[in-house]
Amino acid sequence: MADKTIINPNIGAGWSALETSDVGELVHSGGVVVEAGDLTFVYLSGRTATDGDSDVVVGVGDIKEQTRQVIRNLLSALEPLGGTIDDIVRVRVYMTPPFTKEKFGEIHDARAEFFNKDHYPASTLVVVHALARPDALIEIDADAVISKK
């Protein structure tokens, strides 16, 4: 049987969007880690371009800078587990409209600053009506596989 642990169970603590909630917290974690033999499977919840776990979005209005910050946030969750950008095997990208060739290019320009061509992840991009944080233009979740060898 695989061992499962959660990453950052208090993610979203103090987030203003939860002020009217009876629960007062996000009912999810920052991610899930599953240990199975020599492999660690990491499933990271979606990240926006916040300054770490704060409620402050950086790069307001700039999808390229927001993409960079989102990737930094994903990496900050992977690194304590011994993971790197090359361990990410799949990303799901959510962006707000309008979808343009220019924005698409800016997202990929930013991604190219981090991802190595020999380790590009599988990827899906979906245009959504809005994201949970009003200033967020992009959100990315990721799956990673880290080898213990």
Side-chain angles (χ1 to χ4, degrees), residues 1-18 21 23-60 62-97 99 103-104 106-149:
M1 178 167 191
D3 293 322
K4 173 182 146 182
T5 56
I6 59 173
I7 299 170
N8 194 357
N10 298 318
I11 194 168
W15 187 27
S16 60
L18 295 168
S21 165
V23 180
E25 66 184 10
L26 292 175
V27 184
H28 72 268
S29 65
V32 176
V33 179
V34 178
E35 303 283 345
D38 289 336
L39 297 175
T40 300
F41 298 88
V42 184
Y43 305 94
L44 296 175
S45 295
R47 299 295 200 278
T48 55
T50 56
D51 184 9
D53 286 333
S54 77
D55 199 12
V56 178
V57 173
V58 299
V60 174
D62 184 342
I63 199 158
K64 188 173 186 178
E65 185 53 38
Q66 285 198 14
T67 303
R68 288 180 182 121
Q69 185 62 39
V70 169
I71 294 170
R72 287 184 205 105
N73 290 345
L74 291 168
L75 289 174
S76 73
L78 276 180
E79 288 168 351
L81 303 169
T84 70
I85 194 79
D86 291 341
D87 295 314
I88 296 175
V89 296
R90 179 175 177 82
V91 294
R92 281 157 299 275
V93 180
Y94 308 90
M95 69 172 285
T96 58
F99 175 82
K103 284 185 178 181
F104 186 71
E106 289 180 68
I107 291 167
H108 282 272
D109 287 344
R111 286 172 56 161
E113 295 173 18
F114 295 89
F115 288 100
N116 300 306
K117 189 169 182 72
D118 292 340
H119 298 279
Y120 282 171
S123 180
T124 300
L125 184 138
V126 179
V127 179
V128 297
H129 172 72
L131 295 168
R133 287 188 168 86
D135 289 330
L137 302 174
I138 189 165
E139 181 170 336
I140 302 174
D141 68 45
D143 301 335
V145 180
I146 303 167
S147 175
K148 296 177 190 172
K149 292 182 179 182

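In this text, all values refer to a predicted model and were calculated from it rather than measured experimentally.
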Are side-chain N/O atoms of Gln66 and Asp62 paired as donor and acceptor at under 3.5 Å?
no
Out of curiosity, [X] [atom1] to [Y] [atom2], how far, rounded to the nearest 0.5 Å?
X	Y	atom1	atom2	result
Glu79	Thr84	CD	OG1	8.5 Å
Arg47	Ile71	CZ	CD1	13.0 Å
Met95	Leu125	CE	CG	6.5 Å
Leu137	Ile63	CG	CD1	5.5 Å
Tyr94	Ile138	OH	CD1	11.5 Å

Check [X] against [Y] and note the closest heavy-atom contact, atom names and distance.
X	Y	answer
Ala144	Leu78	CB-CD2, 3.8 Å
Gln69	Thr50	NE2-O, 3.2 Å
Ile146	Leu81	CD1-O, 3.9 Å
Ala132	Pro134	O-CD, 3.6 Å
Leu44	Ala77	CD2-CB, 3.8 Å
Gly31	Ser45	N-OG, 3.9 Å

With heavy-atom distances below 4.5 Å as the criterion, would you say the side chains of [X] and [Y] are in contact?
X	Y	answer
His119	Ile85	no
Glu106	Thr67	no
Tyr43	Asp141	no

With ring centroids as reference points, do Phe104 and His108 lie under 6.0 angstrom apart?
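Yes.
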Pair Arg68 + Glu65, salt bridge at N-O below 4.0 Å: yes
Hey, is Arg133 close enough to Glu139 for a salt bridge, meaning N to O under 4.0 Å? no
Is the side chain of [X] donor-acceptor paired with the backbone N or O of [Y] at a distance under 3.5 Å, no angle test?
X	Y	result
Lys148	Thr40	no
Arg90	Ile88	no
Asn73	Thr48	yes

Carefully, step by step, assess Val91 and Arg111 under the rule side chain to side chain contact (heavy atoms under 4.5 Å, CB included).
CA-CA 11 Å; Val91 294; Arg111 286 172 56 161; 3.9 Å; yes
